[in-house]
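Input: a single structure, listed below in structure tokens.
Here the structure is a predicted model, which is why all the values come from computation and not from measurement. Proteins come first, then strands; the chains are lettered A, B, ... in the order of their sequence lines, and each starts at number 1.
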Protein chains: 2
Amino acid sequence: MLKLTRKVEYALIALRYMDRNKDRRCASAKEISDLYHIPLSLLSKILQTLSKVEIIQAVQGAHGGYILNINPEDFSMTELINILEGPLGIMDCSIDSECSQLDTCNIKSPITKVNNAIINVLNNITLADISEQQSTGLKI
Amino acid sequence: MLKLTRKVEYALIALRYMDRNKDRRCASAKEISDLYHIPLSLLSKILQTLSKVEIIQAVQGAHGGYILNINPEDFSMTELINILEGPLGIMDCSIDSECSQLDTCNIKSPITKVNNAIINVLNNITLADISEQQSTGLKI
DNA sequence: CATATATAAGACTAATTTAGTCTTATTAAG
DNA sequence: CTTAATAAGACTAAATTAGTCTTATATATG
């Protein structure tokens with residue numbers, strides 16, 4: 001519970017890699033998949049999604065790959081999550097108002113505040129923050 | 001993703017109800033289950049768990065039920081989540097260090113900071129906060 | 001132009017987690 | 001003794017997440 005999905009995790013790993021390698025022409029899905037042990041098909045689909053909304057730019061054909069197309073400082077975790085998983089809500093009623101509780105629920109309003117607080121945290125974390133920091137056992 | 005489980009949701013509903021009714025002797029699982037349309041067996045198990053760690057106190061036999069056994073101001077969302085779901089981590093590596101990435105992961109350290117920020121939000125939300133606020137369509 | 005290496009797209013399956021049910025035992029009030 | 005509660009745990013169902021497989025298209029390079 002309250003877990004990020006692998007999709008988001010893999011996207012962060014790939015985006016960080018691209019950011020750190022922006023001097024090079026482009027980074028292929030295969031290259032990232034090999035380096036970080038991510039299933040290629042899965043990573044491909046994630047990168048295709050990011051490419052469709054122009055977070056990264058695809059370069060087709062041999063020697064192709066992807067190039068970062070946003071400023072890391074301006075791209076928040078919330079945006080990434082929205083692109084890959086849809087709107088962020090800690091309970092169903094935080095997103096749509098469908099709820100088996102009908103109108104008996106006694107916690108909707110406080111839960112909404114918790115949800116907003118979490119979204120606020122994620123709004124304030126950008127790809128630059130993810131990219132910047134040193135990780136233990138770092139390869140790139 | 002990043003969702004609270006029903007267990008936590010039902011626990012909050014029940015705890016809020018008990019808090020708002022602490023003048024009465026005790027509240028039974030059946031009563032809460034009926035009022036909020038929560039499956040009885042499921043709610044029972046949740047309340048048993050909370051009773052084992054003495055967040056609530058069980059009163060057995062006919063006319064039995066549960067009584068709140070903590071000060072709502074001192075009981076945080078983090079504690080509740082820990083009791084019902086175990087330690088809170090937005091990625092597996094936020095909890096234990098088991099990770100298919102081995103030592104190639106490039107985002108562990110920043111993700112840990114995100115995790116801490118979220119835990120911090122939940123630390124600062126107590127049952128009193130949940131209980132206090134008015135909900136729309138409120139019954140009790 | 002043939003080949004190798006990329007992305008694009010989507011159907012499909014497997015694995016895991018979450019939600020809910022069912023059964024049996026125990027406790028205490030009336 | 002009967003009724004209404006909690007206690008405990010095995011079991012099943014549903015939903016979500018993760019991953020695979022297949023086919024098509026694009027392009028650099030020899």
- Message: Does a side-chain N or O of A/Tyr10 approach OP1 or OP2 of D/dG19 to a distance below 4.0 Å, or not?
- Response: yes
- Task: Starting from P on D/dA5, measure out to CD1 on B/Ile67 and report it in whole angstrom.
- Result: 15 Å
- Message: Heavy atoms from C-beta onward define the side chain here; which of C/dA19, D/dT17, C/dT7 lies closest to that of A/Ala29?
- Response: C/dT7
- Task: Starting at atom CG of A/Leu40, determine the distance to atom C1' of D/dT20, rounded to an integer number of angstrom.
- Result: 11 Å
- Distance-only donor-acceptor test, B/Lys45 side-chain atoms vs C/dT21 base atoms, 3.5 Å: yes
- Between C/dT7 (P) and A/Lys52 (NZ): distance, integer Å: 15 Å
- Among C/dA29, C/dA4, C/dA8, which is the nearest nucleotide to the side chain of B/Ala62? C/dA29
- Note on the structure: Taking for B/Gly61 and for B/Leu4 the nucleotide of DNA chain C with the nearest heavy atom, the one nearer the 5' end belongs to B/Leu4
- Nearest-nucleotide wise, let me know which of B/His63 and A/Ser28 is further upstream toward the 5' end of DNA chain C. A/Ser28
- Message: Among D/dT6, D/dG19, C/dT18, which nucleotide has an atom closest to any side-chain atom of A/Pro39?
- Response: D/dG19
- A/Thr5 has its side chain closest, among D/dT17, D/dA5, D/dG19, to D/dT17
- Please report, rounded to the nearest Å, how far the P atom of D/dT16 is from the NZ atom of A/Lys7. 13 Å
- Task: To the nearest Å, give me how far apart NZ (B/Lys30) and C1' (D/dT3) are.
- Result: 13 Å
- Could you pull out the closest heavy-atom pair between A/Leu43 and A/Tyr10, with the gap in Å? CD1-O, 4.3 Å
- Item | Nearest-Å distance for atom pair CE/P, residues A/Met1 and C/dT17 | 14 Å
- Item | d(CG, B/Leu2; P, D/dT16) in whole Å | 15 Å
- Item | Separation of B/Ile90 CD1 from A/Met1 CE (nearest 0.5 Å) | 12.5 Å
- Residue whose closest nucleotide on DNA chain D lies nearer the 5' end, A/Ser41 versus A/Gln60: A/Ser41
- A/Glu85 and A/Val8: which non-hydrogen atoms are nearest, and at how many Å? CG-CG2, 3.9 Å
- Item | Gap between atoms NZ and C1', on A/Lys3 and D/dA15 respectively (whole Å) | 17 Å
- Query: Nearest heavy-atom pair of A/Leu84 and A/Lys7: which atoms, and what distance?
  - Reply: O-NZ, 3.5 Å
- Query: How close do B/Tyr17 and B/Ile32 get, heavy atom to heavy atom, and via which atoms?
  - Reply: CD2-CG1, 3.6 Å
